[in-house]
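This report refers to the structure that appears directly beneath it.
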Amino acid sequence: MASAQPLRAISLKAFDETRAGVKGLVDAGVTAVPSIFHHPPESLTHGASRPHRFTVPVINLSSAVGTTTTRAAVVAQVRAAAETVGFFQVVGHGVPEAATSAMLAAVRGFIEEPVEAKAPYYTRDTGRRVRYQSNLDLFQSTAANWRDTLFMEMPPAPEELPAACRRVAPEYARLVQRRLGRALLGLLSEALGLRPGHLEEEHGLACHYYPACPEPQLTLGTPRHTDASFLTVLLQDAVGGLQVLVDLEDKAVWVDVPPVAGALVVNVGDFLQLMSNDRFRSVEHRVVSNGVGPRVSVACFFRTDRAAAPTRVLAPIVADGDEARYRSTTVEEVVRQYYKVKGLAGISALQHFRL
């Protein structure tokens, strides 16, 4: 006689089949975090916050369109942030406040719709360009995360998008790509000594909804990870919870990335660390759970379109006097390795390609 299915597998399947996500648990009035969301104590305490004075840099990009001197100063600030912490916040970025507010409201509006209205979009089929789900790796990870996600590959057909996002999301994505993304990739190209248009990539939106958690000390919104991208631009609301792992005096410390009015958060991804030959750092970050909420964020990932991933070559750009630290590879190979090591704290997909 076949052995009974493990209780955890049964619980995961039951949770997924509700198509209601974590939001559904909160709506049902849960007062305790279900065991499938319990993270190991070591993953919750690693690099616990210690007293420090480090702050993630805030860079005003408006000076980049001024004189050659002021642009050079912005390039230097971006270079310094990318080489040290791998994270920075930007203001003066050209994406209007009306667009960011509308985007956050659209995500919240969709996630807070009745379950039956969201159900048609709930899927684990990665072939669909618009996907709503709770936990991409729900059945593979050791612990589920306290969040729900709407992912949109850009540009989708209008009819593929939920009504709440149909007008707002494409316009927000266009502004981030054309105004901010191109400006950032240009600055980073110059910081590497390349022509301004050397880095140009496609993008997608991952819209995360983190409900208030009744026992935030037991789970995470997002565990520690790096991004499989060239660059990520994050829009976050005022709730907070994003942290980046920084080495301070030879100790790993989780540093808050506090919401700054009007700012967008930028971080270097794995692809860019490889291409920069370790000059730029793709660092681990996470989102802690919170007793207040919901927290809403929208991550715009700049990375190669999946159709081009098998042939898009990533090769280290070697500065004079240096040596290549990685072998050349493809986006597809890096992404494959990324998911192999995903969930293994402190293990980077890039180690597989290091010479």
Side-chain angles (χ1 to χ4, degrees), residues 78-79 81-87 126-127 129 131 136-137 140-141 151 153-154 177 181-182 184-206 222-234 244-245 247 266-286 299-355:
V78 169
R79 180 190 299 113
E83 288 179 346
T84 54
V85 67
F87 263 75
T126 57
R129 296 184 66 83
R131 307 183 291 278
L136 172 67
D137 56 354
Q140 292 79 38
S141 64
F151 186 79
E153 291 185 38
M154 293 291 159
Q177 182 188 35
R182 289 179 181 175
L184 286 170
L185 291 170
L187 292 166
L188 288 162
S189 295
E190 290 180 55
L192 288 172
L194 307 171
R195 60 180 176 81
H198 186 86
L199 301 171
E200 293 283 351
E201 296 300 332
E202 299 298 324
H203 64 297
L205 298 180
T222 303
R224 58 186 292 190
H225 68 288
T226 58
D227 290 346
S229 65
F230 288 93
L231 195 68
T232 303
V233 174
L234 180 78
V244 58
L245 193 61
D247 290 327
V266 181
N267 67 276
V268 172
D270 288 354
F271 302 169
L272 191 51
Q273 177 170 324
L274 188 155
M275 285 188 67
S276 70
N277 203 37
D278 280 348
R279 286 182 61 186
F280 296 163
R281 298 185 60 207
S282 175
V283 300
E284 290 186 295
H285 48 287
R286 69 181 184 180
C300 184
F301 297 102
F302 286 81
R303 55 192 177 199
T304 301
D305 181 83
R306 74 172 74 185
T311 57
R312 174 63 162 95
V313 175
L314 297 176
I317 299 164
V318 182
D320 291 343
D322 200 358
E323 295 181 353
R325 303 182 184 185
Y326 298 96
R327 64 177 175 85
S328 296
T329 184
T330 63
V331 165
E332 184 177 62
E333 282 187 89
V334 175
V335 171
R336 185 183 299 119
Q337 187 63 24
Y338 177 87
Y339 284 106
K340 279 185 180 179
V341 302
K342 193 171 186 287
L344 300 177
I347 305 299
S348 169
L350 295 181
Q351 292 182 19
H352 181 74
F353 306 97
R354 192 175 288 277
L355 295 174

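Note that the CE atom of Met275 and the OG atom of Ser328 stand 10.0 Å from one another [nearest 0.5 Å]. In this structure, Leu245 CG and Arg224 CZ are separated by 5.5 Å, a value rounded to the nearest 0.5 Å.
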Test log, rule side chain to side chain contact (heavy atoms under 4.5 Å, CB included), inputs Leu184 and Val233: CA-CA 10 Å; Leu184 286 170; Val233 174; 3.9 Å; yes

Pair Asn267-Leu231, side chain to side chain contact (heavy atoms under 4.5 Å, CB included): steps then yes or no: CA-CA 6 Å; Asn267 67 276; Leu231 195 68; over 6 Å; no

Tyr338 and Thr226: CA distance, side-chain angles, deciding distance, side chain to side chain contact (heavy atoms under 4.5 Å, CB included) verdict: CA-CA 9 Å; Tyr338 177 87; Thr226 58; 4.0 Å; yes

From CA spacing to verdict: side chain to side chain contact (heavy atoms under 4.5 Å, CB included), Gln351, Gln337: CA-CA 9 Å; Gln351 292 182 19; Gln337 187 63 24; over 6 Å; no

side-chain hydrogen bond (donor to acceptor under 3.5 Å, both in side chains) assessment of Asp278 paired with Tyr326: CA-CA 9 Å; Asp278 280 348; Tyr326 298 96; 2.4 Å; yes

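In terms of heavy atoms, Leu188 sits closest to Ala82 at CD2-CB, 4.2 Å. Contact between Ile317 and Asn277 at its shortest, heavy atoms only, is O-CB, 3.6 Å. The minimum heavy-atom distance between Phe353 and Glu333, with the atom names listed, is CZ-O, 3.6 Å. Nearest heavy atom pair, residue Arg327 against residue Leu355, reads N-CG, 3.6 Å. In this structure, Val85 and Val283 approach most closely via the heavy-atom pair O-CG2, 3.0 Å.
Ring centroids of Phe271 and Phe230 are separated by less than 6.0 Å, placing the two rings close together.
Taking 4.0 Å as the cut-off between side-chain N and carboxylate O, Asp270 and Arg281 do not count as a salt-bridged pair. One finds no salt bridge joining Glu190 and Arg79 here, because no Lys/Arg side-chain nitrogen approaches an Asp/Glu carboxylate oxygen to under 4.0 Å.
Remark: Glu323 CD is loosely packed, at most 12 non-hydrogen atoms of other residues, nucleotides or ligands lying under 6.0 Å away.
At least one donor-acceptor pair under 3.5 Å links the side chain of Gln273 to the backbone N or O of Ser282. With hydrogens and angles disregarded, a donor-acceptor distance shorter than 3.5 Å links the side chain of Arg279 to the backbone of Ala191.
In this structure, Tyr339 and Leu136 have side chains that are in contact, with non-hydrogen atoms separated by less than 4.5 Å. Using a 4.5 Å cut-off on side-chain heavy atoms (C-beta onward), Thr330 and Arg312 make no contact. For the pair Phe302 and Gln177, the minimum side-chain heavy-atom distance is below 4.5 Å. By the 4.5 Å heavy-atom criterion applied to side chains, Leu314 and Val334 are counted as neighbours. Side-chain contact between Asp227 and Phe301 is present, with at least one heavy-atom pair separated by less than 4.5 Å.
Using the six-membered ring where Trp is involved, His285 and His225 have ring planes that are tilted, between 30° and 60° apart.
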